[in-house]
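Here the structure is laid out as structure tokens; the discussion comes afterwards.
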Amino acid sequence: MAKIIVEGLKKSFGNNEVLKGIDMKVHEGEVVCVIGPSGSGKSTFLRCINRLDEMTGGKVIIDQKNINDPKTDINKVRENIGMVFQHFNLFPHFNVLKNIMFAPVELGKQSEAEAKQTALRLLDRVGLSDKAEAFPSQLSGGQKQRVAIARALAMNPDIMLFDEPTSALDPEMVGEVLGVMNDLAREGMTMMIVTHEMGFAREVADRVIFMDGGYIVEEGAPEDVFGNPKHERTISFLDKVL
Ligand code: ADP
Ligand code: MG
């Protein structure tokens, strides 16, 4: 059963049509990496999946719920979708623990005590047990991003969306974040990852999607897309980034 179904997805900003008809499915436990040039609509695509951006055409179905159906409670759907951004977006005035505990407590999903336990377990999982009391400003970029992942996991989502999670990091910190994502993938998390880390995509993705000009130009197993790209635009993009 597909967890995410995207049909004919279109998105315009004013008269700039950014997504021109995207069709795609993500199955449970699948890891899909989305690659493509800057401005090709990758972030917009991800943001339409949880309605951070409102689509202008087509539909998105998450766990058999059409997210635009008035009967669908989009907040419920979103609770099940963790999102991690390039720039972490941690709450600067909360310490690490509070950042992770905030949503589950605020939304009444967990008591303070439960949320704290969850947060400590997640911090251990991302290798930051010693940073519970630290504030975001006291962390490196890699540490902030691992906290952001822990925070997204605190709601116990079964889908995770990542938008260039390592693009703002110094090179020496990329590995620690990709390592956490790799663990998640191995544990069976359903994931969509916009990334420029081609080595990671090749290794971890079940499927790679190449977007250009508002369309999915090519998709397939990583060994096919990277090893034997079929479309001229894929070939020329990969020539530039590999
Ligand atoms: P990518 O993530 O592949 O770099 P984006 O989805 O961020 O691409 O952007 C695709 C296009 O959509 C760009 O031309 C960008 O300027 C435009 N765009 C994105 N977000 C907005 C917005 N909020 N308002 C207007 N235009 C936007
Ligand atoms: Mg982007």
Side-chain angles (χ1 to χ4, degrees), residues 4-26 31-60 62 67-68 74 78 81-90 141-142 144-145 148-149 151-152 159-171 173-174 177-178 180-181 190-202 204-205 207-220 222 225-226 229 231-242:
I4 306 174
I5 302 172
V6 176
E7 285 177 10
L9 173 62
K10 293 186 178 183
K11 172 64 179 176
S12 298
F13 294 102
N15 52 17
N16 179 18
E17 188 171 59
V18 172
L19 301 178
K20 299 177 178 167
I22 302 269
D23 294 288
M24 184 209 60
K25 283 181 188 170
V26 181
V31 177
V32 174
C33 283
V34 181
I35 62 172
S38 182
S40 57
K42 305 181 298 297
S43 294
T44 304
F45 177 31
L46 223 53
R47 293 169 59 86
C48 283
I49 286 176
N50 56 8
R51 268 181 71 188
L52 288 181
D53 278 336
E54 291 289 352
M55 64 191 87
T56 43
K59 60 181 167 188
V60 172
I62 308 277
I67 64 169
N68 278 322
I74 185 65
R78 282 188 187 133
I81 306 178
M83 186 148 184
V84 174
F85 304 89
Q86 184 175 350
H87 292 291
F88 328 125
N89 302 2
L90 296 176
K144 281 186 225 183
Q145 195 59 300
I149 294 171
R151 182 179 61 174
I159 297 171
M160 287 284 287
L161 307 178
F162 294 87
D163 192 359
E164 297 198 32
T166 60
S167 294
L169 301 180
D170 291 332
M173 291 169 190
V174 169
V177 172
L178 294 181
V180 169
M181 294 166 64
T190 306
M191 297 162 68
M192 283 187 69
I193 306 166
V194 175
T195 186
H196 293 292
E197 295 292 332
M198 300 300 156
F200 174 82
R202 191 167 190 145
V204 178
R207 190 147 48 92
V208 173
I209 286 180
F210 171 66
M211 280 182 68
D212 194 12
Y215 292 106
I216 292 175
V217 172
E218 182 158 355
E219 68 175 298
V225 175
F226 290 118
H231 290 262
E232 194 54 51
R233 283 191 282 172
T234 320
I235 293 166
S236 118
F237 174 75
L238 290 175
D239 269 348
K240 284 183 210 129
V241 298
L242 288 181

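Order of appearance sets the numbers: ligands from 1, and atoms from 1 within every ligand. Any value given below was found using the heavy atoms of this structure, including those in side chains, with hydrogens, waters and symmetry copies removed. What you see is a predicted model; the values in this text were computed from it and never measured.
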Inset, instruction - Indicate whether atom 16 (O) of ligand 1 is within a distance of less than 4.0 angstrom of some protein heavy atom. - result: no
Inset, instruction - For the pair Asp23 (side chain) and Gly8 (backbone), establish whether a donor and an acceptor sit closer than 3.5 Å, ignoring hydrogens and angles. - result: yes
Inset, instruction - At a cut-off of 2.8 Å, list the protein N/O/S atoms near the Mg ion (ligand 2), residue plus atom name. - result: Ser43 OG
Legend entry - contact_flag Pro37 ligand 1 heavy-atom lt 4.0 Å: yes
Legend entry - Main-chain N/O of Asp53 paired with Lys11 side-chain donor or acceptor, under 3.5 Å: no
Legend entry - Whether Arg151 side chain and Gly82 backbone form a donor-acceptor pair below 3.5 Å: no
Legend entry - For atom 6 (O) of ligand 1, closest protein heavy-atom neighbour: Thr44 OG1, 2.5 Å
Inset, instruction - Could you tell me whether the side chain of Ser12 and the main chain of Gly14 form a donor-acceptor pair under 3.5 Å? - result: no
Inset, instruction - Mark the output for Leu46 as yes if a heavy-atom distance to ligand 1 is under 4.0 Å, and as no if none is. - result: no
Inset, instruction - Determine whether Phe45 and Val194 make a side-chain contact, defined as any pair of heavy atoms from C-beta on separated by less than 4.5 Å. - result: no
Legend entry - Gly36 backbone acceptor or donor facing Lys42 side chain under 3.5 Å: yes
Inset, instruction - Any chance you could measure Leu19, atom CG, to Thr44, atom OG1, to the nearest 0.5 Å? - result: 5.5 Å
Legend entry - Asp212 side chain to Ser40 side chain, donor-acceptor N/O pair below 3.5 angstrom: no
Legend entry - atom 7 (O) of ligand 1: the protein heavy-atom neighbour that sits closest, reported with distance to 0.1 Å: Ser43 CB, 3.7 Å
Legend entry - Identity and distance of the protein heavy atom lying nearest atom 14 (O) of ligand 1: Asn16 ND2, 3.7 Å
Inset, instruction - Considering only non-hydrogen protein atoms, determine which one is nearest to atom 1 (P) of ligand 1 and report residue, atom name and distance to 0.1 Å. - result: Gly39 N, 3.5 Å
Inset, instruction - Return yes or no for this condition: an N or O of Phe13 is under 3.5 Å from an N or O of ligand 1. - result: no
Inset, instruction - Would you check the N or O atoms of Val18, main chain and side chain alike, for any that come under 3.5 Å of an N or O of ligand 1? - result: no
Legend entry - Polar side-chain atom of Thr56 near backbone of Lys10 as donor-acceptor pair, under 3.5 Å: yes
Sequence neighbours left out, cut at 3.5 Å: what donor-acceptor pairs do the side chains of residues 233-242 make with other protein atoms?
unit_1, atom_1, unit_2, atom_2, d
Thr234, OG1, Glu218, OE1, 2.8

Inset, instruction - Pick one of side chain, backbone, both or neither for how Asp53 approaches ligand 1, counting any non-hydrogen atom pair under 4.0 Å. - result: neither
Legend entry - Under 3.5 Å: donor-acceptor pair, side chain of Glu164, backbone of Phe85: no
Inset, instruction - For atom 10 (C) of ligand 1, state whether the nearest protein heavy atom is under 4.0 Å away. - result: yes
Legend entry - Whether Arg207 side chain and Cys33 backbone form a donor-acceptor pair below 3.5 Å: no
Inset, instruction - Could you establish whether Gly36 and ligand 1 come within less than 4.0 Å of each other, counting only heavy atoms on the residue side? - result: no
Legend entry - Shortest protein contact, atom 8 (O) of ligand 1 (heavy atom only): Gly41 N, 3.2 Å
